[in-house]
J.: 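Mind having a look at this structure? Questions to follow.
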Amino acid sequence: MIAAIIFIVVALISSNKVLNDNSIEVSESIEQTVQTAVENWRVSTFAYAQIIADYPVEKKIEAIQNRDADMIIELSEEIFKFTDCDAMTYTDMEGNVLARVHNRNNTGNIISSLAIADAIKGQSVSYVYPTLNSGFSITAGVPIMDGNTQIGVLFLSKRIDQTATVNEMKQMTGSEIVIFQEGEPVIASYTEDMESIGSLPDDIKATLNTGNSVIKTDNFEKTSAVWRYTPIKGRNGEIVGAILTIHTNTSGSWVMIMWICLFFAVCLIITPIVIINVRRIAIPLTKATESLHRVINEITSSANQFKDSSANLADGSNKQAASIEETSATMNETTSMISQNAENTRQATKLAQKSQEEASNGKVKMQEMVDSMNQLKESSDTISKIIKTIDDIAFQTNLLAINATVEAARAGGDAGRSFAVVAEEVRNLAKKSAEAAANTTDIIDKNIYLTNSGREISTEVAKVLESIMSEIHNLSKIISEISTASEEQANGVKQINIALSQMEKTTQSNAAISEESASAANMLDSLTEDLQNVNEAIDLVIYGVKK
């Protein structure tokens, strides 16, 4: 109580100095708040850009390669809403716009934007820059990769020369805000008339260009205020703008004194209450931190297991995908061989059918030859009978000739001799006829023998041809069944190839998911570390040391 009274007396004596010093200290704190806000916006914009670019889905990569603006926008517009940014643009490697998520109809080449030019060179950058199309903005440019190949650029920007940003700064600092872009006011929290604010004076601009802030005391709306100009650094550390914060003093020393007295009076009253409540809160908070510590340990253990499992799953999925790819190649070769075998079987079936037809024709011809041999045998039998008749006639003629000779001898004389000569000639003719008939009979008998032999051989050949026809028919039937089985086998292998292709796609998808899970596990590990830091901070508040 005595110390509070002494403090109040000292405050009454040095109130004016306290007011001025306090306002300056507050303005310094405000400057830090402004710088932190701008840096946080830059870091968050850069982080969002990296996350979106570093973890593109397969469809997005395909859409970028196919320059499919609608698909790129469809895959990005949801996450764009969470970035709290004003522009998201995808470009190719020449700076040509592939898609603007914030403005579908705006295209063209924007390689003149330095963030995009830097990202095309493979650099991930983020800085405050007065861009050509986006006003005074925090920009981020990040390469988009497909494996080790860069296929485009993601450009993300958040404008700081807009009402929402200025109002947010005003709420954080409790001050009026004016943003200058290259020495000219672009937006203010308390007026829309930029001409009434005017350009930055040359002396202030010169100081800001050195990287130092400018502070001065002046009136604002008839109230004493501290004016602090904070420089904004751009791409290479150059000053691209400034933020003016106007923090007003209290209206008079006695008001400040009254508030000081009231403050300490309230402190004297509520201090015991606060101590009691702090003790009541400290015990549950201590138990909560202990529980939090146990949970963190469990999360850390689970995160490590998840990380190891995800890594093993990713490795196994990649190996499985490689094995399925080799199996698919082998099945393709097998399919080609089976298709060739099926084609050869079809050709063999055609040849077997043709052989069957030829054998059938041979059987018909052989039957015709057997019939001809039968007819030849019948003709030979008929000729044999005729020759026998001729032989009988010759024999009878020979007998008649002998009788005629006998009668001629009996008759005697010239008539008898003449008749005997004729009878002798007739006998000689009959003899020759008998000899010719005998020779002819031998030839015909031999022909009949050969004909019978040929007939028997023809019959045997016909039986053999019939047996060949039967075997060819069976062979043709077997080849036909083999052809049908080969076609069914080829169709089955095709179905296996299709299934293997689907399995390969699924395995590759699983491998990609496994890699994403591994990335998520790494992120979970990082978040666990952040949670551990929070727990340590709570321990530091409660116990004064890290546990």
Side-chain angles (χ1 to χ4, degrees), residues 58-59 61-62 65-66 147 312-378 450-515:
E58 183 178 349
K59 289 184 179 179
I61 291 177
E62 183 179 353
Q65 292 174 339
N66 295 333
N312 293 333
L313 179 60
D315 183 62
S317 297
N318 289 329
K319 291 181 180 178
Q320 186 180 11
S323 299
I324 290 177
E325 186 175 358
E326 293 177 359
T327 304
S328 179
T330 303
M331 289 303 299
N332 287 331
E333 294 178 0
T334 304
T335 301
S336 178
M337 295 174 63
I338 290 176
S339 299
Q340 185 63 40
N341 290 339
E343 180 63 26
N344 293 337
T345 304
R346 282 193 291 270
Q347 295 296 329
T349 301
K350 292 181 181 179
L351 292 175
Q353 292 175 350
K354 186 174 181 181
S355 298
Q356 186 177 7
E357 292 175 358
E358 294 294 334
S360 178
N361 292 333
K363 180 181 178 182
V364 172
K365 296 297 182 182
M366 183 58 66
Q367 185 64 42
E368 292 177 355
M369 186 178 72
V370 171
D371 294 341
S372 298
M373 295 295 289
N374 290 331
Q375 292 177 1
L376 179 62
K377 181 177 182 302
E378 293 176 357
L450 294 175
T451 300
N452 290 331
S453 298
R455 179 185 176 190
E456 292 176 357
I457 293 171
S458 298
T459 302
E460 294 295 328
V461 171
K463 291 180 179 179
V464 171
L465 285 175
E466 186 174 0
S467 176
I468 291 173
M469 279 186 61
S470 177
E471 295 297 331
I472 291 176
H473 177 73
N474 293 332
L475 176 62
S476 177
K477 184 177 180 180
I478 293 172
I479 292 175
S480 178
E481 292 177 354
I482 293 173
S483 177
T484 302
S486 297
E487 290 180 356
E488 292 178 355
Q489 189 177 16
N491 293 330
V493 171
K494 288 180 181 178
Q495 294 296 326
I496 294 174
N497 280 334
I498 294 173
L500 282 174
S501 178
Q502 293 176 348
M503 289 174 61
E504 183 178 3
K505 292 180 180 179
T506 303
T507 305
Q508 290 175 352
S509 176
N510 290 340
I513 293 172
S514 299
E515 292 177 357

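All of these numbers come straight from a predicted model, not from anything done at the bench. Just so it is clear, the values below take in all heavy atoms, side chains as well, and ignore hydrogens, waters and symmetry mates.
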J.: State plainly whether the residues E343 and R346 are in salt-bridge range, i.e. N to O under 4.0 Å.
T.: yes

J.: Above 12 or not: heavy atoms from other molecules or residues under 6.0 Å from CD of E62?
T.: no

J.: To the nearest 0.5 angstrom, please state how far the CD atom of E481 sits from the CD1 atom of I478.
T.: 7.0 Å

J.: For Q347, look at atom CD and say whether over 12 heavy atoms of other residues, nucleotides or ligands are found less than 6.0 Å away.
T.: yes

J.: Measuring from M369:CE to T459:OG1, what's the distance to the nearest 0.5 Å?
T.: 8.5 Å

J.: Enter the distance from K365:NZ to E358:CD here, rounded to the nearest 0.5 Å.
T.: 11.0 Å

J.: Hey, could you give me the CG/CD1 distance between N344 and I482, rounded to the nearest 0.5 Å?
T.: 12.0 Å

